[in-house]
Amino acid sequence: MTSVSPHVRSPKECALAAARAHDGERGALLPILHDIQAELGYVDPEVVPVLADALNLSIAEVHGVVTFYRDFRSTPPGRTTVRICRAEACQSVGAEALVEHAKAALGVGFGETTADGAVTLDEVFCLGNCALGPAVQVGDRLHGRVAPARFDALLGDAR
Ligand code: FES
């Protein structure tokens, strides 16, 4: 029996489908970009002219929105995304020291992916886990009171 791999839409196909889904909506660009990132994991630069055409905007306008919002990535993320909370409650219990540890341990900065493609490091401003800081999200899972040693253990599981 042969297995059939699911069809993965190209960035252009994804952009056109998202534009159709929000056809006629005011302020459709942001929800369209979120849809694209949800499907592809990032907003491929290839979609910018496609969306400009579909929404009757200039390429500069679409590009400006994509680059203004730090939520949108322009490159594919690693297999696991690690997000460290840098909001006030987590900062007060050592988040910044954890950030420095994480950057050194992974050898990347925020928004970057390790050379082996395993982990993307991102910052976030509140994960809703403020009483248990420093808070870290690894993939879909939220973790509290993450000291550097625990961070290393979580990373070991993610790789
Ligand atoms: S401040 Fe870090 S989870 Fe809210």
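As a basis for the values below, the full set of heavy atoms in this structure was taken, side chains included, without hydrogen atoms, waters or symmetry mates. Just follow the structure's listing: the first ligand is 1, and inside any ligand the first atom is 1.
At least one heavy atom of Gly128 sits less than 4.0 Å from an atom of ligand 1.
In this structure, Glu39 pairs ionically with Arg9, as a charged nitrogen and a carboxylate oxygen lie closer than 4.0 Å. We find that Glu123 and Arg83 are not joined by a salt bridge, their nearest charged nitrogen and carboxylate oxygen being 4.0 Å or further apart.
Contacts of Cys85 with ligand 1, taken as heavy-atom pairs under 4.0 Å, involve the side chain alone.
Residue-ligand proximity, Ala89 to ligand 1, at heavy-atom distances under 4.0 Å covers atoms 1 (S). Those atoms of ligand 1 that come under 4.0 Å of a heavy atom in Cys130, given as number and element, are 1 (S), 3 (S), 4 (Fe). Of all atoms in ligand 1, listed by their number and element, those nearer than 4.0 Å to a heavy atom of Ala87 are 1 (S).
In the model, His22 has a side-chain atom that pairs as donor or acceptor with a side-chain atom of Glu25 under 3.5 Å.
Between Phe151 and His101, the ring-plane angle classifies as perpendicular under the 30° and 60° cut-offs.
At least one N/O/S atom of Cys90, whether from backbone or side chain, sits less than 2.8 Å from atom 2 (Fe) of ligand 1.
Applying the side chain to side chain donor-acceptor pair (under 3.5 Å) test between Thr113 and each of Thr75, Thr80, Thr81, Thr120 identifies Thr120 as the sole match.
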